[in-house]
Amino acid sequence: MSLMRIAAMAALVSIAMPVAAQRGPALAGTWRNDADSVRIRIAPCGRGLCGRVVAANEKAKADAARGGTDRLIGTELFHDFQREEDGLWYGQVYVPDIDRTFDGTLELVDRDTIVGTGCLFAGFGCKTQSWKRVR
């Protein structure tokens, strides 16, 4: 097969792929926090990406229950994250320990690391958490 034909086929495949598929898969998958106390699965949903808890240890479950979340597994922690031109993903972050939702960002640091940041108010009271891809 000629180089020209291969290039033409590659161009057709990239045009045929939906925009979300071109941008979304980098974050899609299962991720764990640094302590490996919570694991989430990020997948397309609605207008963007969402992350649901798929596993949690007993301490994480107890912390969430104290905050008012009776069933941590299945809870959506990341909601409607959409990638912006600056390369960050913007959406809503739910914190089950305090039963509150905040604006947040996700940054793909490398193929196997994302950093999530949520702030209480206009850049104040921010908390950052690193997540590693589960293989």
Side-chain angles (χ1 to χ4, degrees):
M1 188 176 282
S2 74
L3 188 57
M4 187 70 129
R5 180 175 268 168
I6 293 171
M9 287 175 63
L12 284 173
V13 168
S14 68
I15 290 169
M17 289 175 57
V19 173
Q22 292 175 25
R23 294 188 289 172
L27 291 182
T30 303
W31 301 83
R32 65 171 180 80
N33 63 2
D34 285 337
D36 200 11
S37 60
V38 175
R39 291 184 178 204
I40 60 171
R41 180 165 300 121
I42 297 177
C45 74
R47 298 180 303 150
L49 296 175
C50 296
R52 288 191 182 275
V53 177
V54 294
N57 69 15
E58 292 307 313
K59 181 182 181 322
K61 291 176 186 176
D63 290 344
R66 275 192 294 283
T69 303
D70 294 330
R71 195 176 132 240
L72 182 58
I73 295 176
T75 298
E76 190 173 88
L77 299 186
F78 300 150
H79 179 72
D80 198 26
F81 271 81
Q82 298 178 30
R83 188 170 185 214
E84 299 292 331
E85 293 198 16
D86 62 3
L88 295 177
W89 293 75
Y90 293 85
Q92 300 288 304
V93 178
Y94 174 65
V95 182
D97 301 10
I98 58 174
D99 194 28
R100 297 219 21 224
T101 301
F102 303 98
D103 289 335
T105 61
L106 293 174
E107 177 182 10
L108 184 64
V109 176
D110 60 40
R111 177 176 150 65
D112 294 323
T113 308
I114 56 176
V115 173
T117 302
C119 299
L120 294 174
F121 178 74
F124 294 100
C126 298
K127 182 177 178 184
T128 300
Q129 186 169 37
S130 178
W131 297 83
K132 298 291 183 186
R133 188 179 300 275
V134 176
R135 299 216 175 258

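All values below were derived from every heavy atom in this structure, side-chain atoms included, with hydrogens, water molecules and symmetry-related copies excluded.
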Would you name the heavy atoms of [X] and [Y] that are closest together and state the gap between them?
X: Q82; Y: G48; answer: CG-CA, 4.1 Å
X: T117; Y: C126; answer: CG2-CB, 4.3 Å
X: E76; Y: C45; answer: OE2-SG, 4.5 Å
X: A60; Y: S37; answer: CB-O, 3.7 Å

Salt bridge (charged side-chain N to carboxylate O under 4.0 Å, His left out) against [X], all qualifying residues, sequence neighbours excluded:
X: R32; answer: none
X: E85; answer: none
X: R41; answer: none

Answer whether the closest heavy-atom distance between the side chains of K61 and I73 falls below 4.5 Å. yes
Are V93 and F78 side-chain neighbours, meaning at least one heavy-atom pair lies under 4.5 Å? yes
Quick one: [atom1] on [X] to [atom2] on [Y], what's the gap to the nearest 0.5 Å?
X: D34; Y: W131; atom1: CG; atom2: CH2; answer: 9.5 Å
X: I114; Y: I40; atom1: CD1; atom2: CD1; answer: 5.5 Å
X: R39; Y: K132; atom1: CZ; atom2: NZ; answer: 13.5 Å
X: T113; Y: W31; atom1: OG1; atom2: CH2; answer: 7.0 Å

Side chains of residues 95-109: which donor-acceptor pairs under 3.5 Å do they make with residues two or more places apart or in other chains?
unit_1	atom_1	unit_2	atom_2	d
D99	OD1	Y94	OH	2.5
D103	OD1	Q92	NE2	2.5

Please answer whether the main-chain N or O of A28 pairs with a side-chain N or O of R133 as donor and acceptor at a distance below 3.5 Å. yes
Once side-chain contact (heavy atoms from CB on, under 4.5 Å) is applied, do any residues pair with R111, and if so which ones, sequence neighbours excluded? R135
Who are the side chain to side chain donor-acceptor pair (under 3.5 Å) partners of R66, not counting sequence neighbours? D63
